[in-house]
J.: 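Provided herewith is a single structure, encoded as structure tokens, for subsequent inquiry.
For this chain, numbers begin at 1 and follow the sequence in order. Since the structure is predicted, the reported quantities are computational estimates derived from the model, not experimental observations.
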Amino acid sequence: MSCLKLGRTGWIGGGVLLSVATGVALALTAESSLSILVLLTVVGLFSLLSPQLAFYAALLFLPFSFRYIVPDRSLEVQTPTEPLLGMLVFFSFVRLVFDRAIGQPRDFTSATDQAEVTNTIEDRAFPFTWPVLLFILVHFMSTINAPDTPGSIKGAIRASVYVLACFLAYRSIQNLTELRRLAIVVFPPAAVAVIWTVVVLVYNLDVWQWTSAYQGSPFTNYTAYGQFTAVFLLIVLSRLLIDRSAYDRTIWTGLLVIFTGGILMCFSRGVWLALIISAGFLWLNTQRSDLGKKLIFLGLAVATLLILLVLPGTSGLIQERLFTMFDLQFASNRSRLLRWGQAILMFLNHPIIGNGYGAFAMIYEENPGLSGLYKAQFQLGAHSEHLRILAEMGIVGIVTWIAVLLSFFRFGLSAMLRIQDGFFRSLIVGLIAVELSMSVLFLVNDLPEGDVLAVPFWVIYGLLPAVVRMADRADSQAATA
């Protein structure tokens, strides 16, 4: 035991020394390109020696990641998210190739029991491999028509790293212990980020509806903040509504209060619409015997809406936001319609494989009269992820994107109907609800590659089959016991 304690002490001490050394090295190289080399070296060693811990670290710091501009180069890196995910993807690929070369993991052809071979292969296989790989392939195919091919390829590489996070999630979360660790890693920082943002928004309540209100918070705009909060709110709601097993409901109720309070401070109409639809999905999948929970849920939702509509400080803003949702004279709506029209024109120009990943931001010029001079200077997306894919990757891209989404929902709904365990079913329904809310949001907003929405989207995409795999194993063990 003393040796074990000494070993742990040594690891902790080594980690502290490494952190200090890294900080000193970054400080000394802060004004040069060597800083990114130092960062990548440390992140690479971390990902190589402890890939699962590196995966947890990427999720732990996700709400607090920041855009780092590499000195003397036109390169921006979302830190530490992109270096960690990039290194994890790279070393996972190297490990996969190495394992195949030496016959590891297990050589299935040597098994004598054919049923065992089949079950083992199916247990290891990621069910969405082909749609995901084809979607990544189309990213690179489309760069042929890009106005800036090197820039488009660079963007496609970055986007592919985020897409491949689904494989990392599936391989990293294989049992209940790892699932609990994941929850411990992601929920506390998410709660801290939401509370922090609420405090900032309360302080800036007079400009609550503007992006400037988010200065000093972990988020850059109300859409990213609102949907990030909705991710955790939907999972918490699903657990409380569906799971009737023994667990600490006090903690989960506290999380419900935090994320509900956070979503009330969101000013995005797209997030509101997506949350209403996904909450309705949760409602429909609550068992009939839980009528009391349904009534409480409905009562709280109605009461919250009434409070917001009668509060002097917020009622006018909310009513204006709702009433201008379909007003074509509203500047935000006009800007969005112009972007959608541009996306359609780009699709008609190159309908097969599109105009190249990232081409919309390269081609479209915002009207300063609609968005303001400050916002118009940035290269922004199509304000619809589905239309962006159509414009940039054409028919091939939108078909593969639809296949990616349909594969997930088909798999999830099938598992939801089959699995009866309350804990696993609540997770499955919650994860489906999150992806449904994002799919709806993507009708009117982009999926920001490198921001706080891309990682949850693709991690949950890989987490769902991992949870289903655990549930099937539990059912098999219960049947054979």
Side-chain angles (χ1 to χ4, degrees), residues 128 131-132 134-143 145-146 152 155-156 158-160 162-163 166 221 223-224 226-227 230-231 268-278 281 325-326 332-364 379-410 412 432-458 460-461:
F128 313 132
V132 170
L134 288 174
F135 186 56
I136 292 173
L137 178 62
V138 176
H139 277 74
F140 291 93
M141 289 173 53
S142 67
T143 60
N145 296 326
S152 183
R158 172 179 285 172
S160 299
Y162 282 92
V163 174
C166 63
N221 59 77
T223 301
Q227 188 56 45
V231 167
S268 170
R269 294 170 296 181
V271 172
W272 294 349
L273 177 63
L275 183 60
I276 290 171
I277 292 175
S278 53
F281 174 79
M325 185 173 291
F326 301 104
S332 176
N333 294 343
R334 291 173 62 189
S335 174
R336 184 175 277 110
L337 288 173
L338 287 174
R339 291 171 183 272
W340 293 352
Q342 177 67 38
I344 297 297
L345 291 176
M346 289 175 63
F347 163 70
L348 294 176
N349 189 36
H350 292 288
I352 306 301
I353 59 173
N355 295 265
Y357 181 82
F360 187 93
M362 301 175 190
I363 295 174
Y364 183 76
Q379 293 178 319
L380 302 175
H383 246 310
S384 170
E385 182 67 9
H386 308 304
L387 284 179
R388 182 196 67 79
I389 292 173
L390 182 68
E392 295 181 353
M393 293 184 276
I395 294 175
V396 178
I398 197 67
V399 168
T400 54
W401 172 242
I402 292 173
V404 165
L405 295 179
L406 289 182
S407 298
F408 177 89
F409 289 118
R410 181 177 177 274
I432 295 174
V434 170
E435 298 293 81
L436 176 62
S437 69
M438 287 197 175
S439 299
V440 174
L441 180 67
F442 295 158
L443 291 170
V444 293
N445 277 288
D446 301 295
L447 169 61
E449 310 291 357
D451 211 331
V452 291
L453 298 189
V455 173
F457 180 86
W458 290 111
I460 288 174
Y461 192 88

J.: State which residues pass side-chain hydrogen bond (donor to acceptor under 3.5 Å, both in side chains) with Trp401; sequence neighbours excluded, sorted by chain then number.
T.: His386
J.: For the atom pair CG (Leu441) and OG (Ser384), what is the distance rounded to the nearest 0.5 Å?
T.: 9.5 Å
J.: Give, for atom CD1 of Ile398 and atom CD of Glu392, the distance between the pair rounded to the nearest 0.5 Å.
T.: 11.0 Å
J.: I need the Ile344 CD1 to Met346 CE distance, nearest 0.5 Å.
T.: 11.0 Å
J.: Can you tell me if Ser152 uses its side chain to pair, donor with acceptor, with the backbone of Gly358 under 3.5 Å?
T.: no
J.: Would you indicate whether the side-chain heavy atoms of Met362 and Asn355 approach each other to under 4.5 Å?
T.: no
J.: Given the rule in the side chain to side chain contact (heavy atoms under 4.5 Å, CB included) test, do Leu137 and Thr400 qualify, once you have shown the distances and angles that lead to the verdict?
T.: CA-CA 10 Å; Leu137 178 62; Thr400 54; over 6 Å; no
J.: When you compare the side chain of Leu405 with that of Ser439, does any pair of heavy atoms fall below 4.5 Å?
T.: yes
J.: For Ser437, give me all partners under side-chain hydrogen bond (donor to acceptor under 3.5 Å, both in side chains), at least two apart in sequence or on another chain.
T.: Gln227
J.: Taking side-chain contact (heavy atoms from CB on, under 4.5 Å) as the test, write out the residues that go with Leu345, two or more places apart.
T.: none
J.: Filter on side-chain hydrogen bond (donor to acceptor under 3.5 Å, both in side chains), then keep only pairs touching residues 341-354, sequence neighbours left out; what's left?
T.: none
J.: The test is side chain to side chain contact (heavy atoms under 4.5 Å, CB included); show your working for Leu453 and Tyr162 and say whether it passes.
T.: CA-CA 10 Å; Leu453 298 189; Tyr162 282 92; over 6 Å; no
J.: If you take all heavy atoms of Ser142 and Ile353, which pair is closest and at what distance?
T.: CB-O, 3.1 Å
J.: Considering all heavy atoms of both residues, which atom of Pro131 and which atom of Val404 are nearest to each other, and what is their separation?
T.: O-CG2, 3.5 Å
J.: Is the closest side-chain heavy-atom distance between Tyr357 and Arg388 below 4.5 Å?
T.: yes
J.: Residues two or more places apart in sequence or in another chain: which of them pass side-chain hydrogen bond (donor to acceptor under 3.5 Å, both in side chains) with Asn445?
T.: His383
J.: For a 4.5 angstrom cut-off between non-hydrogen side-chain atoms, does Phe135 reach Met393?
T.: yes
J.: For Tyr461, enumerate each residue passing the ring pair (Phe, Tyr, Trp, His ring centres under 6.0 Å) test, keeping only those at least two apart in sequence or located in another chain.
T.: Phe128, Phe408, Trp458
J.: Is any side-chain heavy atom of Ile352 closer than 4.5 Å to a side-chain heavy atom of Val396?
T.: yes
J.: Contact between Glu385 and Asp446 at the side-chain level, heavy atoms closer than 4.5 Å - yes or no?
T.: yes
J.: Kindly assign one of parallel, tilted or perpendicular to the pair Phe360 and Tyr364, based on the angle between their ring planes and the thresholds 30° and 60°.
T.: parallel
